[in-house]
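Everything below concerns the one structure shown next.
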Amino acid sequence: MTSATRPVPDVRSKRFWDAAAEGKLLIQRDPRTGDHQWYPRGHCLGDPLIEPEWVEASGRGTLVSFSVIHRGLGKSETPPIYAIVELEEGPWIGTNLLDVDPAAVEIGMPVAVTFEDLGDGMRLAQFKPAGDPADRDR
Amino acid sequence: MTISGRAVIVGAYEAPIREAPETHPFELLADAVGHALADAGLELADVDGLATASGDFGEGGAAEQVIEVAEYLGIEPTYVDGTDIGGCSFIAHAGHAAAAIAAGMAEVVVIAYAATPRWWPVPFPSLDAPILGAGPGQYELPYKSSLVAHFAQFAQRHMHEFGTTPEQLAEVAVTCRAHAGPNRSARYREPITVEDVLDSPLIASPLHRLDCCVLTDGAGAFVVTSEERGRDTPKRPIKIAGFGQAVSAMQLSQMPSLTATPGVASGKRAFEMAGLTPADVDVAELYDAFTITPILALEDLGFCAKGEGGPFVADGGIGADGAVPINTDGGGLSSNQPGKRGVFLMVEAVRQLRGESPGMQLRDPEVALVHGLGGFLSATATILLTI
């Protein structure tokens, strides 16, 4: 894949992409306040001199907004969905919604992380509707 | 020190063309500058300041675009502004120019823009991905969103929180089309109905094709000078009474809200500087990249309460006889949108206050508001103009 949309890891993000390859969504936390942040940065929001710590997100969230892309980049049979998800830890993350009937998508619905294979060992965190509560707590 | 009323707009021009096949935008820009200066009774030799944002798709320039544009024009300005905050850049340029003029740093500033996105032969990042794939973009670009899908997030959330309907969104497009009717240069002039908008294809839900602005080639320019120098120009000088700007984020996930924009802050500053309120505004030129964006602007600027933009629009609030007529030339939804529409918002506001609108000219407006956005509601700039 030589697409311009393929992630370009750097020294900061290598740990993130390594974890993603193992099916883990890493986010960051401010060691002083406990506030979480997305996307990964070299500093904590609010203080450029404080380094954040990495933590694994629960992978649970709720849908903030979405759009079914009928005309645009994706030309697959099922129209792609771009969405904003609020992670259980607080931050918002941009994502696609996978494994869902576009007609069944509703703002506020619970979603759970899943991983898409990008090839060459890279995996991308994506979201899908959360299953039943037992499934989500597993 | 206040800059309110210290600087005036003395020349304004919008090229009548909407398609310019195989034409480099710098040619159109230079022509627009010439016409704007002629409108002001000035010459290129009078210009000591230049502002543009011409480094994006179809705009002709690269990273140091303001130098390239100065070079093409053949001038050596001593005041320059290459601020690029997207579509509202030229509104910000006007505010910056007013401050520079008030401070004695410049005397005659020309603010210009041209783009030919319908014909653009040079490889360039897509309009759908205005960030790079490294750094912050590595966490966003893999999701392959589109420009329309990004703006659609605001519409979808607004509908969810406030019960805004697709019919209310469509009403914005219908009103802008009505205002484009008399404008012989507008891209589209035939009246449309709410049903036409809802029957047009969904591009990115909930936005239909007619919820989206047109894509044109185009050019425009305006000239800002001191209040003193403006007294000697041929047409009524238009005062820059208030200005505000604000920036939020490019990535939607980094924004504090999907239902309020930086316009809350830029609008507040502009109104405070001018000593005016929304009730004083006779006409508003609001950036209409999509039908949701004027609705958000009406709310953020205080023309109606948050969440009431849909009913405000549906009740005729933005029409010719409404509380605040908007986009009197037809707006980006019907008239002209080559990428960064802000320059045309400024030109149309000046034309309204002079009684020269090619679209729906209001009867003797005295206060015009110009409000633009950049990125994905990532930046806003607001200006209040008075006669």
Side-chain angles (χ1 to χ4, degrees), chain A residues 1 3-10 12-14 16-17 20 25-27 37-42 45 63-76 79-87 91-98 102-103 105-108 116 118 122-127, chain B residues 123-164 200-209 211-212 248-259 290 292 376-377:
Chain A
M1 187 164 147
S3 161
T5 61
R6 186 174 176 86
V8 183
D10 53 45
R12 173 68 51 188
S13 67
K14 184 178 182 303
F16 171 84
W17 292 110
L25 171 59
L26 294 191
I27 60 174
Q37 64 184 33
W38 173 262
Y39 48 83
R41 291 165 165 89
L45 294 175
L63 193 65
V64 174
S65 197
F66 71 98
S67 177
V68 183
I69 307 178
H70 295 271
R71 304 273 178 91
L73 293 177
K75 296 291 183 207
S76 52
I81 301 172
Y82 180 78
I84 303 294
V85 163
E86 181 170 312
L87 298 175
W92 289 1
I93 184 171
T95 185
N96 299 125
L97 271 191
L98 305 182
V105 178
E106 286 183 0
I107 287 176
E116 177 189 359
L118 296 182
M122 280 195 106
R123 293 172 82 196
L124 179 67
Q126 294 277 19
F127 284 80
Chain B
F124 215 86
S126 162
L127 286 175
D128 288 315
I131 55 174
L132 302 177
Q138 70 187 297
Y139 308 107
E140 176 65 31
L141 289 194
Y143 299 106
K144 302 176 191 173
S145 186
S146 72
L147 185 146
V148 187
H150 260 47
F151 279 94
Q153 309 288 316
F154 296 93
Q156 196 83 259
R157 185 73 198 180
H158 206 274
M159 292 165 67
H160 173 77
E161 281 191 31
F162 306 118
T164 307
S200 66
L202 272 171
I203 304 297
S205 68
L207 300 177
H208 307 77
R209 186 171 64 80
D211 285 302
C212 306
S248 172
M250 287 300 283
Q251 294 195 29
L252 270 54
S253 68
Q254 305 303 302
M255 294 180 176
S257 169
L258 291 181
T259 51
F290 299 92
I292 182 64
F376 309 111
L377 287 157

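Below, chains carry the letters A, B, ... as their sequence lines are ordered, and counting in each starts from 1. As the structure is a computational prediction, the values presented were derived from the model and not from experiment.
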> What are the two closest non-hydrogen atoms of W92(A) and M255(B), and how far apart are they?
Replying inline: CZ3-O, 3.6 Å
>> At a 4.5 Å cut-off on heavy atoms, which part of Q251(B) comes close to chain A: side chain, backbone, both, or neither?
In response: side chain
> What option among A152(B), G135(B), P136(B), P206(B) has the most heavy-atom pairs under 4.5 Å with chain A?
Replying inline: P136(B)
> Minimum heavy-atom separation for L202(B) to H70(A), with atom names?
Replying inline: O-CB, 3.2 Å
> What distance do I84(A) atom CD1 and S145(B) atom OG have between them, rounded to the nearest 0.5 Å?
Replying inline: 8.0 Å
>> Can you give me the closest heavy-atom contact between Q138(B) and P9(A), atom names plus distance?
In response: OE1-CA, 3.4 Å
>> Tell me the closest heavy-atom pair linking S67(A) and Q153(B), and the distance in Å.
In response: N-NE2, 3.4 Å
>> Is the shortest side-chain heavy-atom distance between S146(B) and Y82(A) below 4.5 Å?
In response: no
>> Contact between L124(A) and Y143(B) at the side-chain level, heavy atoms closer than 4.5 Å - yes or no?
In response: yes
>> Please classify the contact of V85(A) with chain B as side chain, backbone, both or neither, using a heavy-atom distance under 4.5 Å.
In response: neither
> So what's closer than 4.5 Å to chain B heavy atoms on R41(A): side chain, backbone, both or neither?
Replying inline: side chain
> Taking all non-hydrogen atoms of both residues, which atom of L258(B) and which atom of S65(A) are closest, and how far apart?
Replying inline: CD1-CB, 3.7 Å
>> Let's test your reading of the structure: which of G137(B), A155(B), A149(B) forms the most heavy-atom pairs below 4.5 Å with chain A?
In response: A149(B)
> Among H150(B), Q156(B), E140(B), which has the most heavy-atom pairs under 4.5 Å with chain A?
Replying inline: Q156(B)
>> Could you work out, with salt bridge (Lys or Arg N to Asp or Glu O under 4.0 Å) as the rule, every residue matching R123(A), not counting sequence neighbours?
In response: none
> R157(B) and V64(A): which non-hydrogen atoms are nearest, and at how many Å?
Replying inline: NH1-O, 2.9 Å
> How are the rings of W17(A) and Y139(B) set relative to one another: parallel (under 30°), tilted (30 to 60°) or perpendicular (over 60°)?
Replying inline: parallel
> Which bit of P91(A) is near chain B, if near means a heavy-atom gap under 4.5 Å: side chain, backbone, both or neither?
Replying inline: neither
> So which part of W38(A) gets closer than 4.5 Å to some heavy atom of chain B, the side chain, the backbone, both or neither?
Replying inline: both
